[in-house]
Amino acid sequence: MLRLCTWNIQSGRRLPAILESLASLEQLDLIALQEASTHNGAEDAVAVAAALGPTYQAFQVTAHLFPDGVDQGNAVVWDSRRIQATATGAFKLPEPSGRVLSRIRPQNRNAVVLESLLD
């Protein structure tokens, strides 16, 4: 069985609370993070991996920078005891379209990819 969680961490604005709440989650094999950012030079995904324990690894990709300098992207965090990563990467997603979305300033969008073997 694979235990997967997806989580929009809203640019890590409340990163200390996010890291504290990880202790209350059941053991997870894989976490997909949306709106991951960087704080004090450290990627949110790396902070999440460190909070989960020494067997967790992370990969994070920035999609875009806001005018205030805040970066935002996607990430994966995985337990290397269960998931043997063979490759990580990202690819660009098409820009959203539609009446409401066309009024929002253009943004880069991406998806993170983790190729792995399950133990």
Side-chain angles (χ1 to χ4, degrees):
M1 175 173 70
L2 177 70
R3 294 189 53 83
L4 165 69
C5 172
T6 64
W7 195 347
N8 182 324
I9 60 171
Q10 300 175 330
S11 298
R13 288 186 208 114
R14 297 183 58 225
L15 189 59
I18 291 166
L19 298 176
E20 184 178 316
S21 69
L22 291 170
S24 66
L25 297 176
E26 291 186 32
Q27 184 86 25
L28 295 169
D29 301 315
L30 180 64
I31 303 172
L33 300 173
Q34 300 91 32
E35 294 188 16
S37 190
T38 304
H39 296 90
N40 299 321
E43 294 179 337
D44 289 346
V46 172
V48 167
L52 289 169
T55 63
Y56 283 83
Q57 298 181 355
F59 175 71
Q60 181 170 316
V61 175
T62 297
H64 56 269
L65 291 172
F66 288 105
D68 62 2
V70 173
D71 62 315
Q72 189 178 75
N74 297 304
V76 289
V77 176
W78 66 95
D79 186 344
S80 63
R81 292 174 299 184
R82 295 264 300 133
I83 298 172
Q84 179 186 348
T86 57
T88 54
F91 60 91
K92 187 174 178 174
L93 295 171
E95 289 188 27
S97 61
R99 203 171 74 198
V100 173
L101 295 173
S102 65
R103 292 184 288 212
I104 299 173
R105 70 176 177 82
Q107 297 178 345
N108 290 326
R109 299 175 65 229
N110 66 24
V112 183
V113 178
L114 171 72
E115 294 179 8
S116 67
L117 302 172
L118 291 176
D119 287 337

> Does one side chain, of Q34 or N74, offer a donor that lies under 3.5 Å from an acceptor on the other?
Replying inline: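 No pair is found: no donor N or O on one side chain lies under 3.5 Å from an acceptor on the other.
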
>> Less than 3.5 Å apart, any donor N or O on the side chain of H39 or D44 sitting next to an acceptor on the other?
In response: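 Judged by distance alone, the side chains do pair up.
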
> What residues, two or more places apart in sequence or in another chain, satisfy salt bridge (charged side-chain N to carboxylate O under 4.0 Å, His left out) together with R14?
Replying inline: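 Applying salt bridge (charged side-chain N to carboxylate O under 4.0 Å, His left out) to R14 gives none.
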
>> Using the salt bridge (charged side-chain N to carboxylate O under 4.0 Å, His left out) criterion, which residues pair with D29? Sequence neighbours excluded.
In response: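 D29 satisfies salt bridge (charged side-chain N to carboxylate O under 4.0 Å, His left out) with R82 once adjacent residues are dropped.
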
Nearest 0.5 Å, please: how far is [atom2] in [Y] from [atom1] in [X]?
| X | Y | atom1 | atom2 | value |
| --- | --- | --- | --- | --- |
| E35 | Q10 | CD | CD | 6.5 Å |
| Q27 | R3 | CD | CZ | 8.5 Å |
| S37 | D71 | OG | CG | 4.0 Å |

> T86 side chain to E115 main-chain N or O, any donor-acceptor pair under 3.5 Å?
Replying inline: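 Between the backbone of E115 and the side chain of T86 there is a qualifying donor-acceptor contact (under 3.5 Å).
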
> Ignoring hydrogens and geometry, is there a side-chain-to-backbone donor-acceptor pair from Q60 to V46 under 3.5 Å?
Replying inline: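 Such a contact is absent between Q60 side chain and V46 backbone.
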
Exercise: identify the closest heavy-atom pair between [X] and [Y]:
| X | Y | value |
| --- | --- | --- |
| I9 | A36 | CD1-CA, 3.9 Å |
| V77 | A45 | CG2-O, 3.7 Å |
| W7 | S21 | CH2-OG, 3.3 Å |

> Taking only residues two or more places apart in sequence, or in another chain, which ones meet T55 in a side chain to side chain donor-acceptor pair (under 3.5 Å)?
Replying inline: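 Partners of T55 under the side chain to side chain donor-acceptor pair (under 3.5 Å) test: D79, R81.
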
> What residues, two or more places apart in sequence or in another chain, satisfy side chain to side chain donor-acceptor pair (under 3.5 Å) together with T88?
Replying inline: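 In terms of side chain to side chain donor-acceptor pair (under 3.5 Å), with neighbours along the sequence ignored, T88 is linked to no residue.
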
> What pairs with A47 under side chain to side chain contact (heavy atoms under 4.5 Å, CB included), at least two apart in sequence or on another chain?
Replying inline: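 With neighbours one apart ignored, the set is L15, L19.
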
> Does Q57 have any side chain to side chain contact (heavy atoms under 4.5 Å, CB included) partners at least two apart in sequence or in another chain, and if so, which?
Replying inline: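 Scan of Q57 (side chain to side chain contact (heavy atoms under 4.5 Å, CB included), adjacent residues dropped) gives W78, S80.
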
> Between I83 and L2, does a side chain to side chain contact (heavy atoms under 4.5 Å, CB included) hold up when you go through it step by step?
Replying inline: CA-CA 9 Å; I83 298 172; L2 177 70; 4.0 Å; yes

> Can you check whether F59 reaches L114 side chain to side chain, under 4.5 Å on heavy atoms?
Replying inline: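 A side-chain contact is absent here, since even the closest heavy-atom pair is not under 4.5 Å.
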
>> Counting neighbours of CG on D68 that are heavy atoms of other residues, nucleotides or ligands and sit closer than 6.0 Å, is the number greater than 12?
In response: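 Counting other residues, nucleotides and ligands, CG of D68 exceeds 12 neighbours.
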
> Name the one of V76, L4, T6, L52 that satisfies side-chain contact (heavy atoms from CB on, under 4.5 Å) with I31?
Replying inline: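 Exactly one option meets the side-chain contact (heavy atoms from CB on, under 4.5 Å) with I31, and it is L52.
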
